[in-house]
Amino acid sequence: MRPPILNSLFSCIETLNGIGPKWSKLLKNLCGPTVLSVIFHLPDHILHRPYLADLKSAQDKMLLTTKVTVSQHKKPFSKRHPYRIICEASGSYLEVVFFNYHKDYIIEQLPIGETRLISGQVERYGEHWQMSHPDYIVRENEAWKIPIYEPIYPLTQGVSNKLMNRAAKEALKHLPNLPEWLDDTLLKREGWPSFKEALFQAHHPQNEIDISPLSKARQRLAYDELLANQLALALARTRMKKQTGISIKGNEALRKKLLSHLPFELTNAQKRVITEIETDMQTPYRMLRLLQGDVGSGKTIVGLVALLNAVEAGYQGALMAPTDILVRQHYSKISDLCSQLGVSIVLLTGREKEKKRQEILSQIADGEAQIIIGTHALFTENVIFKNLGLAVIDEQHRFGVEQRLALTQKGNAVDVLVMTATPIPRTLALTYYGDMDLSQIDEKPPTRKPIDTRVLSVKKMEAVIEKLQHALAEGKQAYWVCPLIEETEKSDLANATARFEKLNSVFPERVGLIHGKMQGDEKDAVMQKFLQKETSILVATTVIEVGVDVPNASIMIIEQAERFGLSQLHQLRGRIGRGAEKSTCLLLYDYPLSDTAKKRLNIMRSTENGFLIAEEDLKLRGAGEVLGTRQSGLETFLLTNFDLQNELLPIVRREAVQIIQSDPCLTSPRGEKLKTLLYLFNKDKEIQTIKAG
Ligand code: ADP
Ligand code: MG
């Protein structure tokens with residue numbers, strides 16, 4: 001149960017004074033549903049509006065506050081012209097101008113002969129000054145209503161900074177004094193304010209330093225957020241590790257056979273991670289391991305060796321992938337490889353129906369099926385395994401700790417190996433996968449050739465198509481990825497269809513089209529045709545992003561590449577360079593390209609190192625983009641800036657591990673306070689794991 005002291009923070013935005021239903025709705029879209037989410041929505045810069053008694057010291061376009069006496073109203077001839085008010089400002093002329101206006105409002109705000117304080121941006125017109133639409137007009141005795149420093153919030157459609165400001169002020173009134181959960185020594189050493197004080201300071205910056213992630217208030221808040229995250233991961237990890245697992249030790253018979261059939265040698269990195277995995281599987285604790293390796297680094301074989309290890313020891317192994325295409329691809333490869341080994345493999349996705357499905361389910365239940373390949377439905381549905389020993393989860397950069405916890409409720413403490421092809425910068429790996437052990441394949445198979453990446457204006461499209469003609473004549477194959485349009489899936493599709501038609505008119509019968517709206521078997525058919533070289537160009541939306549493997553395809557063309565995240569471009573590019581051919585990747589951009597966009601595309605051109613690319617993506621676009629969290633509902637960090645507050649994480653992590661080691665159920669006095677912290681950051685599920693024991 002959440003401590004009652006937090007209740008008012010978790011009440012909905014409507015409870016804020018003076019924020020009606022209409023505003024609440026807009027604020028909810030911007031910040032989230034609760035009072036606390038408003039409090040956690042921090043300003044990201046400030047405006048300074050100094051008070052100038054004398055406009056002689058003002059500069060053009062300056063934002064300022066000054067005192068004026070209203071001399072004259074110049075009513076326009078028609079509504080189309082602006083309403084002008086001549087004011088005297090300590091010897092200077094200041095004209096206040098309104099374009100769209102309510103006459104009554106203006107007359108009431110600036111009556112002739114009266115003195116007012118006004119604040120806004122001034123512009124110089126020869127001898128006099130002009131201010132259009134002042135931000136503030138107040139009486140002299142209300143000077144306090146004009147902030148000298150105004151926090152500016154990240155905003156969305158419909159929410160003005162004033163509204164956000166007001167909501168934040170109201171929300172902060174709900175913030176109680178909370179017990180201090182941070183260590184006293186740390187607080188003293190860093191000179192950090194209390195949680196409540198830090199939030200007040202964050203919303204009331206007095207200068208540029210206050211707004212920076214390096215200010216004491218912001219550092220403290222980031223520390224709190226990261227501490228909640230790391231404690232939650234440590235709790236989840238303890239919970240998962242505590243369950244005694246199965247000790248799995250194969251006899252290597254199947255593995256040896258498999259390796260002798262492969263046309264290549266494993267790389268040293270592959271061998272190393274296999275040893276890490278089998279050592280871990282052999283311990284009597286549950287394995288919870290993340291296998292990171294760049295696209296094409298050869299994770300599938302590693303996963304298969306782990307599965308065979310389980311089979312050798314008499315257990316079943318399951319391999320799960322996020323999409324039907326990937327599942328089928330894995331199935332066809334792995335069943336090819338296993339056909340000589342005498343291992344029985346079944347496929348289970350949403351598409352196996354009725355009788356067939358029943359048959360597969362019973363094979364899984366009676367143990368006849370040794371390796372089971374399927375979508376995540378394998379774990380969410382009521383699939384009963386005879387004796388599952390290992391679950392391998394492929395391409396899972398969109399798999400949160402909650403899902404991992406759910407997974408562990410299943411089965412008899414099965415070992416879990418998560419394979420991800422999205423290189424994740426270390427910081428993020430720790431915050432998102434900090435509950436897992438890490439194995440890394442940091443070397444590519446020697447057979448992989450460097451990819452020639454070029455950045456071209458879309459104006460060169462005709463030349464590209466012409467080049468493509470030569471390439472196809474030589475038997476090459478190409479992917480053509482259509483622009484990503486954020487508004488709707490529909491427009492993505494419209495784009496892809498238009499491009500398909502254009503290319504199809506140049507290369508009749510040689511072009512395939514694949515997109516997310518297609519039925520599974522339609523997709524399969526298109527992929528099959530491409531794989532069999534019946535088609536030479538595959539026009540696609542981003543459905544091909546993850547894992548697809550067609551070794552003969554050596555050309556990748558990406559339209560409006562500037563719209564994609566770097567990690568996503570890296571994934572897409574990883575589809576080529578898999579075969580004997582030298583591969584080319586063309587990044588087409590829409591003219592004109594902004595400086596940042598240019599910089600980003602140049603990074604793609606200069607390196608194929610996924611980790612470098614991910615680091616850059618993190619700097620340029622933030623954590624959500626690197627991990628694709630926005631689409632996935634993975635944890636988002638509101639108070640932490642991973643670029644500038646990077647150095648906090650190792651400290652937090654060390655502390656969290658120590659805390660959970662010495663007080664695994666958080667029952668000490670400090671532990672109780674830390675529970676409040678966990679509830680503040682929505683770690684209710686992880687707290688429940690304490691009780692579940
Ligand atoms: P990913 O890590 O992206 O999942 P895959 O496992 O799909 O990569 O492997 C990519 C390609 O490299 C596959 O065709 C695979 O057969 C091949 N491969 C894997 N390991 C090696 C190796 N050690 N030497 C040569 N080719 C390899
Ligand atoms: Mg793979």
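Just so you know, ligand 1 is whichever comes first in the structure, and atom 1 is the first atom listed for that ligand. All residue numbers refer to positions in the sequence shown, counting from 1. Below, each value reflects all heavy atoms present in this structure, side chains not excepted, and no hydrogens, waters or symmetry copies.
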Taking atom NZ as the centre, does K271 end up with more than 12 heavy-atom neighbours from other residues, nucleotides or ligands that are less than 6.0 angstrom away? yes
Minimal heavy-atom distance between L430 and Q230, with the atoms involved, is O-NE2, 3.0 Å
Using a 4.0 Å cut-off to any heavy atom of T300, which atoms of ligand 1 qualify? 4 (O), 5 (P), 6 (O), 7 (O)
In the structure I gave you, are the side-chain heavy atoms of L388 and Y315 within less than 4.5 Å of one another anywhere? no
Taking both backbone and side-chain atoms of P446, is any N or O found less than 3.5 Å from an N or O belonging to ligand 1? no
Which atoms of ligand 1 have any heavy atom of E265 under 4.0 Å away? 22 (C), 23 (N), 24 (N)
Could you tell me whether T267 approaches ligand 1 through its side chain, its backbone, both or neither, with non-hydrogen atoms closer than 4.0 Å? both
Report the part of I441 (side chain from C-beta onward, or backbone N, CA, C, O) that has a heavy atom under 4.0 Å from ligand 1; answer both or neither where that applies. neither
Indicate yes or no: does R255 engage E278 in a salt bridge with an N to O separation below 4.0 Å. yes
Taking it one step at a time, do V418 and V392 satisfy side chain to side chain contact (heavy atoms under 4.5 Å, CB included)? CA-CA 6 Å; V418 177; V392 178; over 6 Å; no
Hey, are D294 and K299 close enough for a salt bridge, meaning a charged N less than 4.0 Å from a carboxylate O? no
Which ligand 1 atoms does R578 reach within 4.0 Å, using its non-hydrogen atoms? 3 (O), 7 (O), 10 (C)
Can a non-hydrogen atom of G293 be found less than 4.0 Å from any atom of ligand 1? no
For L266, the atoms of ligand 1 under 4.0 Å from one of its heavy atoms are 23 (N)
N/O of G298 under 3.5 Å from N/O of ligand 1, yes or no? yes
Is any side-chain heavy atom of M604 closer than 4.5 Å to a side-chain heavy atom of L566? yes
Pull out every atom of ligand 1 sitting under 4.0 Å from any heavy atom of D294, numbered as shown with elements. 2 (O)
